[in-house]
Number of protein chains: 2
Amino acid sequence: MIVKPQPISGYYENMPEEQILEEKFKKIIQKNYSLSGFTPLDTPVVERVDCLTAKWADDNEIYWIYRLNGEESNDAKLGLRFDLTVPFARYVAQYEWVLSFPFKRQHIARVYRWERPQKGRYREFYQADVDIVWNGKLSLFADVEVLSTIYNSLLDLDFWGFELNINNKKFLSGYLESLNITDIAGTIWVIDKKDKVRKDKFAAMLQEVNLNEDQINQIFNFIELSKEKSSTELLEYYGKTYNSFNNLMQEGLEELKYVYNNLLALWVKQDYIKINPTISRGLNYYTWTVYETFIKGAENMGSVSSGGRYENLASNFTKNNFPWVWGSIGLSRLLAVLRELKLVETNIKTVSKVLVVNMWEETWKENLNTVKILRENNINTEYYLDSSKIQKQMKYAYNKWIEFVLIQGENELQEGIVQLKNTLTEEQLNISLDDAIKIIQK
Amino acid sequence: MIVKPQPISGYYENMPEEQILEEKFKKIIQKNYSLSGFTPLDTPVVERVDCLTAKWADDNEIYWIYRLNGEESNDAKLGLRFDLTVPFARYVAQYEWVLSFPFKRQHIARVYRWERPQKGRYREFYQADVDIVWNGKLSLFADVEVLSTIYNSLLDLDFWGFELNINNKKFLSGYLESLNITDIAGTIWVIDKKDKVRKDKFAAMLQEVNLNEDQINQIFNFIELSKEKSSTELLEYYGKTYNSFNNLMQEGLEELKYVYNNLLALWVKQDYIKINPTISRGLNYYTWTVYETFIKGAENMGSVSSGGRYENLASNFTKNNFPWVWGSIGLSRLLAVLRELKLVETNIKTVSKVLVVNMWEETWKENLNTVKILRENNINTEYYLDSSKIQKQMKYAYNKWIEFVLIQGENELQEGIVQLKNTLTEEQLNISLDDAIKIIQK
């Protein structure tokens, strides 16, 4: 019986050239996370359902797993992780007496969410997280490390301009308090929607959380100001009226300054970060640093990296206190956005850097020796699988965008050379194998 | 409410130092797979159940997934992949008109099987596969590429001796035919169990598939011979009586010779490969090359890498013919075996190569500048998260086995030097930052 293969709604699948891009992105992110001392830590894709539902989850989004055939076993109910944070919190609580803190980890992996399929929403997608957790107390420098690491990674991905919008929730909450707003959480929730709705709708939403006209106008000004002014200007502006602030605002502003100055000391370029007091991430449990990242000129496509600080990571799994800072690049989402904006594209369909033409009967031993020497020199080398006509082998190299083709027939062997052809420039050289290696390695 | 975290039966989870080893293994395997021109290709962890059950599967082992809360949707029934081959076969069939052949891919990823938990059996585990597929016809050199790539990877993992046991099923089947055995498949199935049961039990099993005493003795001799003789001796021995062979045996022997000679031409060392006519992999659909890999001195712990050729990869998904050669390293299993044999061990708990001591008030800007310079030089660098006492920071470095500690206080800054301490040798140097970088990079 033949089962016709069909795509699964919400599950994306790469063609080889797309996979090469995704791998490249993963490697760059992993390298940058490692440079900052975040050590890889994987957890199972599968978690106990009671852990998954302990917090944060919209239950409806959870995939449950069970045996296709066979009775229910006595095993615990299991499901697929919907983010990388809940498993990490569970891990920290489970091994809190074994782990050595502060603990900095990275995790680039897939998560699973049942959602109605829609553009740009996947049910299986990659996230690339960094986490710093410490028992008891976690210095504000952790926020700096997470932000600078995310910045370095995005910069190294080299796709286009982006902007990390950084805020401190104390500043925002303190500001709302200073306006005598009572429903702070509700107002913050609305402010998070400011770029997603029209201005009149936004005002109506603020009215719904019981803000009066004056308060609404103040908030409009507050937002306008944060748009107009640069980070330095904003910090200066708020610094001038610092003494009139309530404690929460003062604390928030001090912390924002600290984070900003430390980022600059770590060579983060001002163009790429923006102190933005209106960033809120909506959710209540972020009470400190929060950030969102937008691609320049494509802000309407949403945030491609976000994170923040939460004072109690593992509260559902242990009584002990684990303050935690987190940052995440939405890898699948970022790639989707970049593809849509046509900022990334590739035709390269293989990791192979050179194709050695298969001449078989004449020179197979020498050819294989050459293949081995190329690989020993860390060059990804493909040997064509049979001794088809040379045109067919060349066509294969062009199809897959293999940069070099190397020919070593009887004539070349007698002369002690190889023919090296660059498929991009069409340049063809008769040179020694040593020189060919140098050219390919360049 | 606090949910007490508990391990899930059959799902292993790494401590940081174990994860570092697993990552190292993954990277080495990936590098070697790429050197041979196998390009990465990932597929979703989730497949349609009708694809999963189309072939090869013990239905009982399949995990099905569905929404935890919410009505049944109209979506297709979905499950988790139990190997990397079925999804690959589905992929090749689905995109057969888009892909360019021959297609060489690698896939290092997790698979899921419901099994009764037992030692060394996981329900979630990593496999590291290479595949070569071509439409129509696939040259025997593909078998050589897969075998040499697996060999290179295992050698580069540098754990201990291992032996790739290579056979050609034509030779084995032809041999059994020559003994006038009628139940060839049944006999091969029994021969696959030869190392798992006692000799008398083995003889009894052969009797059960209707072999007479003479046939059983012949098989005992056949097995004995394959143990005693080296690959070269065996090929020579069988070569002498070549003309008395049936066609199947002759073909099998020719192919074995071809594979062996080509492996040697690719510098594969004789000590690590063994032509072994008794290897069968039990399953019927391997009709050509098959191999199993054992760790030297731990053969009883089973095969850590296996593979073979199958003439029709995607027969359940398309009418077209896709001959295919495959090799797989059972990464999770290999690591478990090596750990049990105490052949791998590490105390290193982080990717960080150097800890920069946090002196804060005095010199924070200069320290951060140093951190950035180290990272720019591709050194994984951790900056201690607060300005705790230096003893506490040193203890942290020793705990996590960070090789170097770098101190840059006011005195050092005045002298234009840094203090560099090697935590392994206890050597301490007062040198320039440039020199420190050179030492750390070594």
Side-chain angles (χ1 to χ4, degrees), chain A residues 2-3 5 8-9 11 13-14 16 19 23 34-35 37 39-44 46 48-51 54 59-60 62-70 75-76 79 90 93-94 100 102 114 124 139 141-142 265-267 316-317 349-352 365 368 372 375 380-382 385-386 399-400, chain B residues 2-3 5 8-9 11 13-14 16 19 23 34-35 37 39-44 46 48-51 54 59-60 62-70 75-76 79 90 93-94 100 102 114 124 139 141-142 265-267 316-317 349-352 365 368 372 375 380-382 385-386 399-400:
Chain A
I2 286 184
V3 178
I8 310 176
S9 173
Y11 289 78
E13 184 155 75
N14 288 325
Q19 187 73 41
E23 295 297 319
S34 298
L35 279 175
T39 204
L41 184 79
D42 203 1
T43 56
V46 170
R48 287 166 185 268
V49 167
D50 57 4
C51 286
D59 286 7
N60 289 315
I62 297 180
Y63 276 119
W64 195 1
I65 70 170
Y66 73 105
R67 283 175 77 186
L68 180 55
N69 292 326
D75 295 341
R90 192 263 311 148
Q94 190 167 337
S100 147
W114 192 96
E124 176 187 61
S139 70
F141 188 73
L266 280 168
W267 309 5
N316 296 97
F317 305 117
K349 291 183 177 59
T350 168
V351 290
S352 298
K365 267 202 175 167
L368 284 186
K372 187 60 190 171
R375 290 176 181 167
N380 294 349
T381 304
E382 197 155 337
L385 285 172
D386 70 20
N399 261 342
K400 301 218 168 170
Chain B
I2 286 183
V3 177
I8 310 176
S9 174
Y11 289 78
E13 185 156 73
N14 286 325
Q19 187 73 40
E23 295 297 319
S34 298
L35 280 174
T39 204
L41 185 79
D42 202 1
T43 56
V46 169
R48 286 166 185 266
V49 167
D50 58 2
C51 286
D59 287 7
N60 289 314
I62 296 180
Y63 276 118
W64 197 1
I65 70 171
Y66 73 104
R67 281 174 79 187
L68 181 53
N69 291 325
D75 296 341
R90 192 263 312 147
Q94 191 166 337
S100 148
W114 192 95
E124 175 187 62
S139 70
F141 188 73
L266 280 168
W267 308 7
N316 296 97
F317 305 116
K349 291 183 177 57
T350 169
V351 289
S352 299
K365 266 202 174 167
L368 284 186
K372 187 59 189 170
R375 289 176 182 168
N380 294 348
T381 304
E382 197 155 338
L385 286 172
D386 70 21
N399 259 342
K400 300 218 169 170

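Contact detail for Arg375(B) and Leu35(A): the closest heavy-atom pair is NE-O, 3.2 Å. Closest approach of Leu368(B) and Ala265(A) over heavy atoms only: CD1-CB, 3.7 Å. Taking all atoms of both residues into account, the shortest heavy-atom contact from Gly37(A) to Thr350(B) is O-OG1, 4.0 Å. Looking at every heavy atom in both residues, Tyr11(A) comes nearest to Ile65(B) through OH-CD1, 3.9 Å.
Among Glu23(A), Glu382(A), Glu13(A), the residue making the largest number of heavy-atom pairs under 4.5 Å with chain B is Glu13(A). Your options are Ser139(A), Ser352(A), Cys51(A), Pro102(A), and the one with the most heavy-atom pairs under 4.5 Å with chain B is Pro102(A).
The NZ atom of Lys400(B) sits 8.0 Å away from atom OG1 of Thr39(A), with the distance rounded to the nearest 0.5 Å.
Within the 4.5 angstrom heavy-atom criterion, only side-chain atoms of Asn399(A), from C-beta onward, approach chain B.
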Full working for side-chain contact (heavy atoms from CB on, under 4.5 Å) between Val3(A) and Phe317(B): CA-CA 5 Å; Val3(A) 178; Phe317(B) 305 116; 4.1 Å; yes

Quick one, Tyr66(A) with Tyr66(B), criterion side-chain contact (heavy atoms from CB on, under 4.5 Å). Give me CA distance, side-chain angles, the key distance, then yes/no. CA-CA 9 Å; Tyr66(A) 73 105; Tyr66(B) 73 104; 3.3 Å; yes

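Partners of Lys372(B) under the salt bridge (charged side-chain N to carboxylate O under 4.0 Å, His left out) rule, at least two apart in sequence or in another chain, are Glu376(B). For Gln94(B), the side-chain hydrogen bond (donor to acceptor under 3.5 Å, both in side chains) partners two or more places apart in sequence, or in a different chain, are Arg90(B).
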